[in-house]
Amino acid sequence: MTSPKQGRAAAASANAAPGEWPIELLQALHLLTRDGQLNQDARRKLKQVEHLLGFMTEALTPPALGAEQSCIVDFGAGKSYLGFLLYQRFVRDMAHINVVGIEWRDELVARSQSLAQSLGFDRLRFLPMPAGDAVTAPDLTQPVHMVTALHACDTATDDAIAFALARQARHALLVPCCQAEVARHLNAGKALQLSRTPLAELWRHPLHTRELGSQITNVLRCLYLQACGYQVTVTELVGWEHSLKNELIVARRTGQPQRAAAQRLRAIASEFGLGDLLAARFAHLPTPA
């Protein structure tokens, strides 16, 4: 998997100007205005996708992909900018690779599927389901090369991780968004924690609760992946002026679980009163020796 330094270099080289993408594709995705220009919002979205594609480059070269049938699964696909541009850049000429978008809103799935058919992207498809249902979906039986999620909200990122672990995906690239679950747990036990430890001052105020909850969430996710046999790197996706949700978790499967990571995850969950989350979100966590 690309290192942060290599990823930034790849992102810079892959940071295509609008003219380097097929105009028809950008128009079909409604990223171009009527006069063929990118507005500020579309430019920001395109930059985020292009940078994420840059981090994917090494893992999506023919040697890394191999010759076996496999798929790339995009969680929280939304309007599917990532899925279409990923297909265009890497997958279009690779007959053994499929891209699958997971999105719970039926209207977005129908629109994306229709667009894929009209463009001839015959190995790009979309499944209408909540992210948590993907792990048992009968339509997802192929080996999984990569799991990705660009701003999948709240626990959808955890569902993407659970899917990656269950299917032993080789790579995962995740840009979390709007993590609220841990903050809710911190709020629920705030009075008890304030009496128990001065650390609870870190989340006495609602703004701090939200920010600390987001930080703890991503730390636990990284430890979980490490404990389950992934090498993990955390870096920025783009400049903060383009997105406030800018943390990129890059994971590559090594098949070598890290016992220390599992121990630290449990210790942090205990310290912050998050024991209830262990069973709900970390089902694949190796049992203590």
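A quick note: this is a predicted structure, and the numbers were derived from the prediction, not measured.
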Residue pairs meeting side-chain hydrogen bond (donor to acceptor under 3.5 Å, both in side chains), one or both in residues 108-119, sequence neighbours left out, come to S80-S112
>> Tell me whether D74 contacts the main-chain N or O of A77 through its side chain, where contact means a donor paired with an acceptor under 3.5 Å.
In response: no
Exam field: side chain T148 to backbone L173, donor-acceptor pair closer than 3.5 Å: yes
Between V49 and L85 the two heavy atoms that sit nearest each other are CG1-CD1, 3.7 Å
*Look at the side chain of Y230 and the backbone N and O of L223, then say whether any donor-acceptor pair between them is shorter than 3.5 Å.*
no
Main-chain N/O of C153 paired to T157 side chain as donor or acceptor, under 3.5 Å:
no
query: Between the side chains of R266 and Q263, does any donor sit under 3.5 Å from an acceptor?
result: no
Correct closest heavy-atom pair for A95 and Q69 would be O-NE2, 4.0 Å
Next item on the list: Start with the C-alpha gap between L225 and I249, add the side-chain angles, then the distance that decides, and say whether side-chain contact (heavy atoms from CB on, under 4.5 Å) holds.
Entry: CA-CA 10 Å; L225 286 162; I249 300 172; 4.1 Å; yes
Tightest non-hydrogen contact, residues W203 and H208, listed as CA-CB, 4.2 Å
- prompt: Is there side-chain contact between L199 and E271, with at least one heavy-atom pair below 4.5 Å?
  reply: yes
**Request:** Say whether, by atom type as modelled, one donor and one acceptor occur between the side chain of T197 and the main chain of Q193 under 3.5 angstrom.
**Result:** no
Here the pair of heavy atoms bringing L285 nearest to A262 is CD1-CB, 3.9 Å
For E201, is there an ion pair with R204 - N to carboxylate O distance below 4.0 angstrom?
yes
Within the 3.5 Å criterion, strictly below it, is a donor on N187 or R184 matched to an acceptor on the partner's side chain? no
**Item:** Side chains of R170 and H145, donor plus acceptor under 3.5 Å
**Value:** yes
### Query
So, R105 and E103, do they make that salt bridge, N to O below 4.0 Å?
yes
Which of F75, F84, Y87, W104 passes ring-ring contact (aromatic ring centres under 6.0 Å, His included) with F126? Answer is F84
Practice prompt. For the pair V144 and I72, evaluate side-chain contact (heavy atoms from CB on, under 4.5 Å) and give the outcome as yes or no after the intermediate values.
Written response: CA-CA 6 Å; V144 178; I72 301 166; over 6 Å; no
* Trace of the side-chain contact (heavy atoms from CB on, under 4.5 Å) decision for L150 with L237 -> CA-CA 10 Å; L150 177 57; L237 176 63; 3.9 Å; yes
In terms of heavy-atom contacts, P143 and R167 come closest through N-NH2, 4.2 Å
Test salt bridge (charged side-chain N to carboxylate O under 4.0 Å, His left out), reference R281, set D159, D276, D154, output is D159
- Under 3.5 Å donor-acceptor, R125 side chain and G101 backbone: no
Under the 3.5 angstrom rule, does the side chain of S214 hit a backbone N or O of E211 as a donor-acceptor pair?
-> no
